[in-house]
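First up is the structure itself, then whatever we jot down about it.
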Amino acid sequence: MKRIGQIFITVSLVALVLWVIPWLYNLMTLKPYSTPFTLYSCIIHDFTSLDRSDGKAFQFIDRNGNIHGDEVQPMFYASILASRGALPDTIEGRPVTMEEIDRNSIIVTSDPKDINRKQSKVHLLMESVPERLELKDPEEAVVSRKDGLYIYDMAANTLLKEKSDAFNAALRDKGFAFPARLFAGNPSDRKAYDEGYLVTDAEGKLFHFKQVDGTMEAEHFTEADRINLKHLIITEFENRATLGYLISTDNILYMLKPDGAVIPTEVRFDPQKEDLLVVGDMFYYTIKVSDEKGEHFYALRSGDFSLADKMDRPYEFEDEFNLCEYIFPCRFTFTSSNDGWVKPRLQDFSWTGLIVDIVLAVLIIMWRRRDRNPHF
Amino acid sequence: MNKMILYKEWLKTRWPLLGMAAVMVAFTFYSLLNLAKVVEFRGADILWSTLVFKETVLIEQLKYLPALAGAVLSVAQFLPEMTRKRLKLTLHLPYPQGKMIALMALYGMAAVTLLSLLQALVIGIVLGRWIVSELVVRVLVTAAVWYLAGWATYLWMAAICLEPTWRMRIVLLLILAGLVWLLFLSGIPEAYNGFLPWLVLYVLCGAVLLYHGVARFKEGLQD
C-alpha cells in the first residue's frame, strides 16, 4: 500500500507541476496583443483598419497603405460626419439618410465559449405581439423534453398543459419531429420586435416558431432541409433583411431570409472554434472570423450577400524564448478560451522538454539508489 | 468492536460535526431566505431568467461549505490520533489495522456525505417550489463538484494528519491545494459534467494516502 501511495503522490505531483508552473510562467510573460478595428469601406471599396500609430484617434489605413480620415467609413461614423456636414447625400447612387443608416446598422457576435458548454433545456418565451405594443419581459418558458415542448408559467412554476398541447400540435402539423435539437432565440425586450425561436427538430429540419396572441405560430423552412445544420443565430434587426444566420456542418454561413429563402455565402465559419463579428450597414456586411492563427475578413453586399472582397490577416507572433519548452514535455490545462468545460488537456508537446526530463529522471534515480536514507 | 470504534469516532467528532451542521444549516437558511425574498419582491421569473442567461446557479454562497466541513471533521477525527502518538494505541487494539483505518475513514466520509446530502435535499426541495425540475437538476449537478470537494478535503486532511513527517505533509498540502483549486476552477454551470466521474475516482483513490501515512508512521519516520 505504501508503494501505491508513493506512485499516487508522484503522479499527482507531476500533474500539478505540469499544470501550475507553465500557467504561472505564461501569466508572468503574457503580453497584450490586439488587432486594429477593420471595416470594409463603401467609399473606396477596400478594407480599412483603424491606425493609431501616430497617435491620431480616427485615422484609417487601407491595404495599399493610403491614409484616410473617418469620412472613409460614413456608415459607422454617420452621426459625427452629419454633425460636420460631411455625410454624403448619395453613395453608390443610393440616397443616404440618417434614418436609413440607423435602420440598417447591425452588429452580431458569436463566441465558441458560449456554444461549447452544457446548454439549458429551458428557453424563455415572449409574446411577439404584445397587447400594449412594447415588448415585455417573458412570463413563460419552454422546456424542451424528448416528447415535446412544455410551456411553464414561470411566476407560478406550473405547467400550462393546454397551451403546451396546442404548441406541440401546431409544430407537429408542420412536420416537426421531437425532441428539438438546436435552439436560437433572443428573449429580451431590448429589441424592436420578437421573432421567437429558430429550432431544428430530431431530423435536423429547420423550423421557426413564435407566440402570437398566446398561440403558437410555426413554420417549416423546407429550403434548409438540404443543409446539415450545426448552429443557428437569430437576427431581429430593424431592417428585417434576415431572420437568421445558419451554419452548416461544413462551416458554410447561410443567410435565412424572413420568407424562408436560404442564401449561401462565401463565408466559412466554424462556430465551435472561431469567433464571429458581423458589422453591417446599408451597403456592406464586414464579417470577421477569427481563430487561433489569425483573422479572416469578408465583405458581403448587403442586398444579395454576394462576396465583394476578402482579406486574411494572420497574427504576427514573435519567436519568443519559452522556458517551459525546455523543462516540460507538455503543458497540462483544464480550461480553454474556446469552451466552458473543465477537463484535462495536454498541450504544447516538446521533444526537448521530454529529453531533459528523461535525463533528469535517470539522474534522480541514480542519486536515490546511492542514497542510504530514503526518507521521502 | 465495530460499534466501539464508531462510538470512539463519534466522541471525537460530535461537537465539530454538530458545529459544522449548524453552520451549514445557518448558511443554507440564509441563502434560501435571500432567494425567497427575491421571489417575494420580483417574482420567481427572475430566478428562471437568471439561471438561463447568467453564469450562476443562485447558491454560490454555499460552495465552500462542504470543503470546510470535510477539513474540520478530518482534523477533529485524526489530529487527536497523532498528538502524543495515540495512533500507536489505536493500531494496537485487537482489530485488523487496515479495517480500523477503513472504518474510521468510512465514518468520516459518511458524515461528510450525510451533511452534503441533507443540504442538497433541502436546496432541491425549496428550489423545486420556484423553478422547473430541469433547472433544479442544473443547480444540483453544478453543486456536485462542491460536495466532491468535501470528500477531497476530508481524505487529504486525514492523510496530512496521519503523515509523520512535515516534508511529506507539505507535499500533500500542495496536492490538496491544487485539487481544491481545480474543483473550484470554473463558475460555469455544469462545466465539470464529463470530467466529474474521473474526479470522483481520483478523490476516492486518495484514500490510499491514509494507509501510506500509517505505513510510514509504523516505520518510525519522523522529522
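Each chain gets a letter, A, B and so on, in the order the sequences are listed, and its residues count up from 1.
For chain A, the nearby part of E134(B) is the side chain; its heavy atoms alone come within less than 4.5 Å. The part of Q119(A) that comes within reach of chain B is its backbone (N, CA, C, O), which places non-hydrogen atoms under 4.5 angstrom from that chain. Heavy atoms of S133(B) lying under 4.5 Å from chain A belong exclusively to its side chain. Of the two parts of V143(A), only the side chain, counted from C-beta on, holds a non-hydrogen atom closer than 4.5 Å to a non-hydrogen atom of chain B. Using a 4.5 Å cut-off between heavy atoms, R145(A) contacts chain B through its side chain alone, with no backbone atom that close.
Nearest heavy-atom pair across A44(B) and M154(A) is CB-O, 3.6 Å. The nearest pair of heavy atoms linking I9(A) to H212(B) is CD1-CE1, 3.5 Å. Contact detail for S120(A) and L135(B): the closest heavy-atom pair is OG-CD2, 4.2 Å. Shortest non-hydrogen contact noted between P187(A) and F53(B) is CG-CZ, 3.4 Å.
Between W48(B) and Y152(A), the ring planes lie tilted relative to each other; the angle falls in the 30° to 60° range.
We find that R117(A) and E55(B) are joined by a salt bridge, their nearest charged nitrogen and carboxylate oxygen being less than 4.0 Å apart.
Looking only at heavy-atom pairs under 4.5 Å with chain A, the residue among G43(B), A215(B), C205(B), S186(B) that has the most is C205(B). For the options I175(B), L185(B), L51(B), heavy-atom pairs under 4.5 Å to chain A are most numerous at I175(B).
Side chains of S49(B) and L124(A) form a contact here, defined as non-hydrogen atoms less than 4.5 Å apart.
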